[in-house]
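Nothing fancy with the numbering, it's 1 onward along the sequence.
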Amino acid sequence: MWRPFFQPYHLIIVQDGDPRKTITVPDGFDYELYNRNDINRILGPKAACISFNDSACRSFGYLVSKKKYVFTVDDDCFVAKGPSGKEINALEQHIKNLLSPSTPFFFNTLYDPYREGADFVRGYPFSLREGVPTAVSHGLWLNIPDYDAPTQLVKPHERNTRYVDAVMTVPKGALFPMSGMNLAFNRELIGPAMYFGLMGDGQPIRRYDDMWAGWCVKVICDHLGLGVKTGLPYIWHSKASNPLVNLKKEYHGIHWQEEVIPFFQVVSLPKKCTTPQECYIELSKQVKEKLGNVDAYFNKLADAMVTWIEAWDELNPSEKLSNVSAV
């Protein structure tokens with residue numbers, strides 16, 4: 001299903017789990033395939049910041065990509081169809097979102113004013129109509145909603161059949177739950193902050209990797225004057241994971257988020273932080289200072305955030321990026 005949409009682009013496949021298993025990639029794709037042995041070989045001691053047996057392992061793909069735009073997708077997500085029955089080209093819509101400005105400082109009631117057939121409404125300040133660069137394009141899902149375990153348990157048969165033909169900018173100062181199953185970003189603008197955290201084997205938490213990245217990214221985008229869009233495109237989320245298994249994975253996260261989200265709602269970054277790397281290092285310091293008393297895990301996570309930036313800078317000397325990677 002993805003072939004006609006992925007074939008024009010460069011693929012990075014991050015194989016999680018047992019590196020002795022062989023993944024067979026169909027012919028006709030331009031791709032790189034990495035397993036845990038590759039991660040250890042390339043990063044050495046810094047490989048500890050890449051999660052194992054968790055979807056957060058995809059962060060390694062962001063690290064080694066040399067493309068300007070990255071699209072990341074879960075392995076249980078497929079091509080969706082719009083109301084007309086036509087297959088949705090998710091990558092095309094993500095690129096449209098990333099190439100058009102965002103409006104985080106003043107909400108436009110017609111949502112994205114840069115879409116064909118829309119514009120700024122009466123009363124929208126002309127001084128803000130130029131917008132700001134878009135760093136993140138957050139897509140949505142048909143069929144299985146991206147619910148947490150408690151919601152899954154009380155709504156086991158719920159399906160999302162509602163296609164909303166809209167894109168909007170998440171306002172400055174507002175956090176949002178960023179799902180990594182259908183996500184694109186400008187790696188030049190925000191790549192170093194797109195770290196999916198320390199999750200999976202050996203860690204007390206899972207299924208919060210994309211949430212953590214989303215909170216960090218949004219705070220940094222707000223500080224740097226960058227935009228985040230959400231809405232189109234849709235993909236088809238094919239299966240619901242086991243809610244009882246998910247509850248075990250999410251248990252700590254469900255409690256901790258009540259402390260973590262207020263932290264991100266008030267966190268402030270100094271003016272001297274003018275790059276994603278500088279912002280992320282500063283954020284790691286505040287995570288250790290303000291969240292370390294919630295659980296020792298956050299001290300470990302803060303250290304991993306620093307290691308991640310060190311790995312990023314080591315593998316990514318300043319250079320011009322181009323085109324698209326799908327991870």
Side-chain angles (χ1 to χ4, degrees), residues 14-19 35-36 39-40 43 45-63 72 74-76 146-154 175-181 183 193-220 240-267 280-312:
V14 183
Q15 177 184 341
D16 201 11
D18 188 350
N35 61 30
R36 194 69 201 187
I39 295 172
N40 292 336
L43 295 184
K46 295 184 178 69
C49 74
I50 304 298
S51 300
F52 186 61
N53 275 337
D54 191 88
S55 63
C57 71
R58 77 182 72 200
S59 295
F60 182 76
Y62 311 156
L63 199 62
T72 184
D74 279 11
D75 59 3
D76 62 351
D146 191 11
Y147 285 159
D148 53 36
T151 309
Q152 280 184 288
L153 286 166
V154 298
L175 296 174
F176 75 111
M178 188 180 81
S179 170
M181 72 171 73
L183 178 73
M194 194 62 77
Y195 175 48
F196 274 42
L198 204 56
M199 309 272 161
D201 279 7
Q203 311 304 330
I205 182 175
R206 297 186 183 206
R207 285 175 56 81
Y208 273 84
D209 51 330
D210 44 5
M211 297 296 113
W212 180 262
W215 299 328
C216 293
V217 159
K218 186 54 168 63
V219 164
I220 292 173
S241 47
N242 187 307
L244 294 176
V245 173
N246 287 347
L247 186 60
K248 185 176 180 181
K249 293 178 179 179
E250 295 172 1
Y251 176 77
H252 289 297
I254 290 170
H255 290 282
W256 290 345
Q257 70 182 11
E258 303 308 318
E259 303 272 357
V260 172
I261 292 173
F263 161 76
F264 280 107
Q265 286 175 324
V266 299
V267 71
Y280 206 66
I281 292 295
E282 173 62 28
L283 196 53
S284 72
K285 295 175 183 176
Q286 296 193 36
V287 166
K288 182 169 283 192
E289 179 186 343
K290 301 291 178 59
L291 296 178
N293 63 342
V294 174
D295 191 271
Y297 163 75
F298 289 99
N299 291 322
K300 191 176 180 181
L301 176 58
D303 290 338
M305 293 168 71
V306 174
T307 302
W308 163 261
I309 294 297
E310 291 172 350
W312 185 281

Once you measure the plane-to-plane angle for [X] and [Y], does it fall in the parallel (<30°), tilted (30-60°) or perpendicular (>60°) bin?
| X | Y | answer |
| --- | --- | --- |
| W215 | F264 | tilted |
| Y195 | Y280 | perpendicular |
| H255 | Y251 | perpendicular |

Minimal non-hydrogen separation, [X] against [Y], with atom names:
| X | Y | result |
| --- | --- | --- |
| P243 | A149 | O-CB, 3.3 Å |
| A47 | N40 | CB-OD1, 3.4 Å |
| V217 | A193 | CG2-O, 3.5 Å |
| L198 | C49 | CD1-O, 3.9 Å |
| M178 | G214 | CE-N, 3.5 Å |
| G180 | R58 | O-NH1, 2.8 Å |

Could you give the distance from [atom1] ([X]) to [atom2] ([Y]), rounded to the nearest 0.5 Å?
| X | Y | atom1 | atom2 | value |
| --- | --- | --- | --- | --- |
| M199 | C57 | CE | SG | 13.0 Å |
| L43 | W308 | CG | CH2 | 9.0 Å |
| E282 | M305 | CD | CE | 10.5 Å |
| Q286 | S284 | CD | OG | 9.0 Å |

**Prompt:** Any side-chain donor-acceptor pair under 3.5 Å between S51 and D209?
**Reply:**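 Their side chains do not contain a donor-acceptor pair, so the 3.5 Å distance test is not met.
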**Request:** Could you tell me whether the side chains of Y297 and Q203 share a donor-acceptor contact shorter than 3.5 Å?
**Result:**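 No donor-acceptor contact under 3.5 Å links the two side chains.
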**Item:** Set of side chain to side chain contact (heavy atoms under 4.5 Å, CB included) partners for D210, sequence neighbours left out
**Value:**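 Per chain and number, D210 pairs via side chain to side chain contact (heavy atoms under 4.5 Å, CB included) with S179, F196.
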Should the pair [X]-[Y] be classified as a salt bridge under the 4.0 Å nitrogen-to-oxygen rule?
| X | Y | answer |
| --- | --- | --- |
| K249 | D54 | no |
| D303 | K288 | yes |
| D295 | K300 | no |

**Request:** Output yes when a side-chain donor or acceptor of Q152 lies under 3.5 Å from a complementary backbone atom of S241, and no otherwise.
**Result:**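 Yes, Q152 side chain to S241 backbone: donor-acceptor pair under 3.5 Å.
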**Prompt:** Is the backbone N or O of D76 less than 3.5 Å from a side-chain atom of D74, with the two atoms forming a donor-acceptor pair by type?
**Reply:**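 Not at all, since once roles are kept as given, no pair shorter than 3.5 Å links the two residues.
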Could you tell me whether the side chain of [Y] reaches within less than 4.5 Å of the side chain of [X], counting heavy atoms only?
| X | Y | result |
| --- | --- | --- |
| I254 | Y208 | yes |
| F263 | V287 | yes |
| D18 | R36 | no |
| V267 | L283 | yes |
| L291 | N299 | no |
| I39 | Q15 | no |
| Q257 | M211 | no |
| N35 | D16 | no |

**Message:** Run the side-chain contact (heavy atoms from CB on, under 4.5 Å) test on E250 and R206 for me, step by step, so that the C-alpha distance in whole Å, both residues' side-chain angles and the decisive distance to 0.1 Å come before the verdict.
**Reply:** CA-CA 6 Å; E250 295 172 1; R206 297 186 183 206; over 6 Å; no
